[in-house]
Amino acid sequence: MKICTIIGARPQFVKAAVVSAEFAKHKSINEVIIHTGQHYDPGMSDIFFKELQVPKEKYNLETGSGSHGRQTGRMLEKLEDILLKEKPDFVLIYGDTNSTLAGALCASKLHIPIAHVEAGMRSFNRKMPEEINRIVADHLSEINFCSTKTAMCNLKMENLGKTGELVGDVMFDCSLKFAEFAEKRYDPFAKFAIEKNGYALLTCHRAENTDHKKCLTEIVKAVNRISETMPVLYPVHPRTKKFLNEYGLSFSGNVKLIDPVGYLEMILLEKHASFILTDSGGVQKEAFFYRVPCITMREETEWVETATLGWNKITGADSKKITAAFADFTKNRPAKTSVKPYGNGDASSKIVKVITKV
Ligand code: UD1
Ligand code: UDP
């Protein structure tokens with residue numbers, strides 16, 4: 001069986017790491033990796049292939065950055081030739097980026113069955129580019145692998161129930177697979193001169209925040225306030241770097257800005273943070289995996305379980321709400337929970353089992 005996996009953005013390299021490792025155990029499966037080139041800085045791409053041993057891509061579309069239409073269009077043009085040549089039995093796509101959308105559109109027009117990992121997620125906010133990408137990808141996929149029961153319900157609401165397979169979350173698999181190894185090999189605390197369990201970790205890159213000066217200004221204001229209580233470490237996404245410069249915004253001295261880090265350093269920084277502030281999907285989940293209180297600077301979350309179980313507060317980009325959530329978490333730690341909404345760490349093996357049975 002031949003599978004063409006289409007990936008291109010940072011979180012997709014993380015997700016593919018565990019699924020591709022599972023494919024490699026099956027001699028009957030020939031996986032061909034296609035990298036769209038949506039992310040291309042070494043710190044946003046190469047480092048993940050090296051650290052997580054994602055198999056090297058056979059094709060790199062070298063798409064680069066651009067507006068949604070341009071970026072997706074460039075991908076489609078090159079993908080079509082490759083899929084026509086490779087003639088895979090399945091195309092595998094992940095998540096909700098423009099690389100996911102291009103993979104779904106291209107494969108479906110060529111009548112190649114699609115399997116979508118992390119399907120069924122909904123924010124119910126169509127202003128998010130990711131929401132459009134998810135809806136299209138789910139509706140064009142033969143198999144929609146879901147991380148959560150919520151995702152399965154979302155599919156049912158759109159009459160896609162029959163395509164859903166509840167397997168758990170591949171990022172949870174990844175966190176279990178690499179956490180111990182990271183602890184043994186890496187020491188980001190010495191490297192970034194930060195005290196274990198004595199800092200807040202920040203990530204921020206979501207277009208709805210970066211592309212609006214008011215939102216990014218509110219976030220910077222809140223983070224500066226929080227940094228009066230404890231140091232804040234911030235691996236800066238290139239998108240946000242650009243907008244911080246454009247708006248002339250700056251953080252105060254107790255906020256340490258660093259380049260994006262690799263996954264193995266990142267999970268250590270997450271695990272040993274006192275708090276996480278983020279607008280990332282993956283980082284919200286990882287905060288929950290490591291039971292670190294998380295403040296999500298968005299208006300809604302797709303990972304609703306993290307919030308209902310008390311480990312995630314949804315504040316939007318509102319400096320007052322962000323600092324209030326921080327104060328609240330400082331006084332009241334979330335209640336311990338052994339509930340496992342993201343599965344048992346075997347999502348990737350379940351995915352491969354389902355695909356090989358088709
Ligand atoms: C994309 C995804 C988003 C995901 C994120 C993960 C879409 C619509 N969005 O957002 O869902 O959460 O990836 O990180 O697909 N840039 C660089 N170097 C790089 C990559 C990007 O400098 O290697 C800069 C460019 O200025 C580019 C900007 O970042 O214009 C945005 O990159 P892009 O891939 O378009 O979107 P992300 O914000 O990364
Ligand atoms: N990540 C990383 N280094 C960083 C920031 C994030 O390795 O500097 C990892 C993070 O641990 C998670 C994934 O990247 O596994 C999430 O990607 P991102 O936040 O870019 O995208 P999203 O999940 O929001 O789509």
Side-chain angles (χ1 to χ4, degrees), residues 7-18 35-48 51-52 62-72 74-75 93-103 118 121 123 127-134 136-137 147 169-175 178-179 182 186 188 192 201-211 233-246 257-271 273 276 278-287 289-290 292 296-298 301-303:
I7 48 181
R10 174 166 71 185
Q12 293 168 331
F13 310 138
V14 174
K15 291 164 199 171
V18 280
H35 188 325
T36 63
Q38 178 171 349
H39 286 176
Y40 44 86
D41 288 348
M44 296 291 289
S45 174
D46 292 0
I47 190 166
F48 296 91
E51 279 190 348
L52 308 182
E62 294 179 351
T63 305
S65 305
S67 64
H68 289 281
R70 284 211 177 84
Q71 194 178 50
T72 312
R74 282 201 294 258
M75 289 177 197
I93 54 176
Y94 290 89
D96 54 19
T97 72
N98 287 345
S99 300
T100 318
L101 175 68
E118 210 185 76
M121 303 316 300
S123 64
K127 289 221 169 92
M128 276 182 89
E130 292 85 356
E131 184 79 351
I132 311 287
N133 295 346
R134 294 173 190 138
V136 175
S147 300
D169 192 80
V170 290
M171 287 183 97
F172 186 45
D173 295 19
C174 213
S175 72
F178 291 103
Y186 290 82
F192 301 118
L201 180 69
L202 166 69
T203 84
C204 172
H205 73 276
R206 192 71 49 202
E208 71 217 50
N209 285 330
T210 60
D211 298 15
L233 188 69
Y234 178 21
V236 189
H237 189 289
R239 173 185 208 104
T240 322
K241 192 174 181 180
K242 193 175 78 178
F243 282 102
L244 285 168
N245 286 336
E246 202 174 303
L257 307 189
I258 57 173
D259 286 335
V261 294
Y263 177 80
L264 299 176
E265 285 187 327
M266 185 64 183
I267 58 174
L268 291 179
L269 291 172
E270 290 172 340
K271 196 172 164 193
I276 292 178
T278 193
D279 59 8
S280 154
V283 175
Q284 283 178 67
K285 273 188 282 178
E286 287 164 348
F289 300 158
Y290 302 120
V292 176
T296 295
M297 304 174 298
R298 285 183 46 200
T301 182
E302 301 77 20
W303 306 103

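Throughout, numbering of the chain's residues begins at 1 and tracks the sequence. The structure displayed is predicted, hence computed values, not measured ones. We count ligands from 1, going down the list as the structure has it; atoms in each ligand are counted the same way.
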Item to check | Backbone or side-chain N or O of G281 under 3.5 Å from ligand 2 N or O | outcome: yes
Checklist outcome for this item: For P238, the atoms of ligand 1 under 4.0 Å from one of its heavy atoms are 16 (N), 17 (C), 18 (N), 22 (O), 24 (C)
Next on the checklist: Considering R298, E286, M44 one by one, which has a heavy atom nearer to atom 10 (C) of ligand 2 than any of the others?
Outcome noted: E286
Checklist entry - Step by step, would you call V283 with E270 a side-chain contact (heavy atoms from CB on, under 4.5 Å)? => result CA-CA 8 Å; V283 175; E270 290 172 340; 3.7 Å; yes
Item to check | Closest protein heavy atom to atom 24 (O) of ligand 2, given as residue, atom name and distance to 0.1 Å | outcome: R206 NH2, 2.7 Å
Item to check | Identity and separation of the nearest protein heavy atom to atom 9 (C) of ligand 2 | outcome: M266 CG, 4.2 Å
Checklist entry - What is the nearest protein non-hydrogen atom to atom 3 (N) of ligand 2, stated with its residue, atom name and distance? => result V261 O, 2.7 Å
Checklist entry - Which of the numbered atoms in ligand 1 are below 4.0 angstrom from a heavy atom of P11? => result 6 (C)
Checklist entry - Which one holds for S99 and ligand 1: side chain close, backbone close, both close, or neither close, with close meaning a heavy atom under 4.0 Å? => result neither
Item to check | D211/R239 under side-chain contact (heavy atoms from CB on, under 4.5 Å): CA gap, chis, key distance, verdict | outcome: CA-CA 9 Å; D211 298 15; R239 173 185 208 104; 3.1 Å; yes
Checklist outcome for this item: Looking only at protein heavy atoms, what sits closest to atom 12 (O) of ligand 1 is H205 NE2, 2.8 Å
Next on the checklist: Give me the nearest non-hydrogen protein atom to atom 23 (O) of ligand 2 as residue plus atom name, then the distance to 0.1 Å.
Outcome noted: G282 N, 2.8 Å
Checklist entry - How close does the nearest protein non-hydrogen atom get to atom 26 (O) of ligand 1, and which residue and atom is it? => result K242 NZ, 3.7 Å
Checklist entry - Is it true that a side-chain atom of T72 and a backbone atom of H68 form a donor plus acceptor pair closer than 3.5 Å? => result yes
Checklist entry - Any N or O on N133 sitting closer than 3.5 Å to an N or O of ligand 1? => result no
Checklist entry - Is a side-chain donor-acceptor pair under 3.5 Å present for T63 with Y40? => result no
Checklist entry - Out of curiosity, I258 CD1 to F192 CZ, how far, rounded to the nearest 0.5 Å? => result 3.5 Å
Next on the checklist: Within the 4.0 Å heavy-atom shell around G262, which atoms of ligand 2 are there?
Outcome noted: 7 (O)
Checklist entry - What's the shortest distance from atom 25 (O) of ligand 2 to any protein heavy atom, and which residue and atom give it? => result P11 CG, 3.5 Å
Next on the checklist: Would E208 and K127 count as a salt bridge (charged side-chain N to carboxylate O under 4.0 Å, His left out) here? Give the steps.
Outcome noted: CA-CA 8 Å; E208 71 217 50; K127 289 221 169 92; over 6 Å; no
Next on the checklist: Checking contacts here: is it the side chain or the backbone of M171 that comes within 4.0 Å of ligand 2, counting heavy atoms only? Could be both or neither.
Outcome noted: side chain
Checklist entry - Is any N or O atom of T97, backbone or side chain, closer than 3.5 Å to an N or O atom of ligand 1? => result no
Checklist entry - Is it the side chain, the backbone, both or neither of H39 that has a heavy atom closer than 4.0 Å to ligand 1? => result both
Item to check | Proximal atoms of ligand 1 relative to Q71 (non-hydrogen, under 4.0 Å) | outcome: 34 (O), 35 (O)
Checklist outcome for this item: d(I47 CD1, R10 CZ) to nearest 0.5 Å is 10.5 Å
Next on the checklist: Show the atoms of ligand 2 that are less than 4.0 angstrom away from any heavy atom in P260.
Outcome noted: 8 (O)
Checklist entry - Does one side chain, of T278 or T203, offer a donor that lies under 3.5 Å from an acceptor on the other? => result yes
Checklist entry - Of the non-hydrogen atoms in E131 and S123, which two are nearest, and what is the gap between them? => result OE1-N, 2.8 Å
Item to check | Atoms in ligand 1 with a heavy atom of E130 nearer than 4.0 Å | outcome: 3 (C), 9 (N), 11 (O)
Next on the checklist: Pair Q12, T97 - check side-chain contact (heavy atoms from CB on, under 4.5 Å), show working.
Outcome noted: CA-CA 9 Å; Q12 293 168 331; T97 72; 2.9 Å; yes
Checklist entry - Are H237 and ligand 1 in contact, using a heavy-atom cut-off of under 4.0 Å? => result yes
Checklist entry - Quick one: nearest non-hydrogen protein atom to atom 4 (C) of ligand 2, plus distance? => result R10 NH1, 3.3 Å
Next on the checklist: Do S280 and E286 pair up side chain to side chain, a donor and an acceptor below 3.5 Å, judged on atom types alone?
Outcome noted: no
Item to check | Distance from atom 18 (N) of ligand 1 to nearest protein heavy atom, with residue and atom | outcome: D41 OD2, 2.9 Å
Checklist entry - Is the H237 ring parallel, tilted or perpendicular to the H205 ring (thresholds 30°, 60°)? => result parallel
Checklist entry - What part of E130 sits under 4.0 Å from ligand 2 if we count only heavy atoms: the side chain, the backbone, both or neither? => result neither
Next on the checklist: Residue-level breakdown please: for S280 versus ligand 2, do any non-hydrogen atoms fall below 4.0 Å on the side chain, on the backbone, on both, or on neither?
Outcome noted: both
Checklist entry - Can you name the one residue among Q38, H35, H39 that meets side chain to side chain donor-acceptor pair (under 3.5 Å) with S45? => result H35
Next on the checklist: Rounded at 0.5 Å granularity, tell me how far CG in L268 sits from CG in L201.
Outcome noted: 11.0 Å
Checklist outcome for this item: the protein heavy atom lying closest to atom 1 (C) of ligand 1 turns out to be Q38 NE2, 3.7 Å
Next on the checklist: Can you check which of G8, S65, A207, A9 brings a heavy atom nearest to atom 30 (O) of ligand 1?
Outcome noted: S65
Checklist entry - Taking only heavy atoms of P235, which atoms of ligand 2 are found under 4.0 Å from at least one of them? => result 8 (O)
Next on the checklist: Looking at V18, is its backbone amide N or carbonyl O close enough to the side chain of D173 to form a donor-acceptor pair, meaning the two atoms are under 3.5 Å apart?
Outcome noted: no
Checklist entry - Does the gap between the ring centers of Y263 and F48 come in under 6.0 Å? => result no
Next on the checklist: Taking 4.0 angstrom as the limit and counting only heavy atoms of E270, give me the atoms of ligand 2 inside it, by number and element.
Outcome noted: 11 (O)
Item to check | Polar proximity ligand 1 side, H68 side, N/O cut 3.5 Å exclusive | outcome: no
Next on the checklist: Please list the nearest protein heavy atom to atom 17 (C) of ligand 1 with its residue and the distance rounded to 0.1 Å.
Outcome noted: Y40 OH, 3.2 Å
Checklist entry - Can you tell which of D279, N98, V283 gets a heavy atom nearest to atom 8 (C) of ligand 1? => result N98
Checklist entry - About how many Å separate CG of D169 and NZ of K285, when rounded to the nearest 0.5 Å? => result 3.5 Å
Next on the checklist: Test side-chain contact (heavy atoms from CB on, under 4.5 Å) on L52 and F13; report intermediate values, then the result.
Outcome noted: CA-CA 8 Å; L52 308 182; F13 310 138; 5.8 Å; no
Checklist entry - Counting N and O atoms only, with roles assigned by atom type, does the side chain of Q284 sit under 3.5 Å from a partner on the main chain of T296, one being a donor and the other an acceptor? => result no
Item to check | Pick from R239, E131, R206, M128: the one approaching atom 29 (O) of ligand 1 most closely through a non-hydrogen atom | outcome: R239
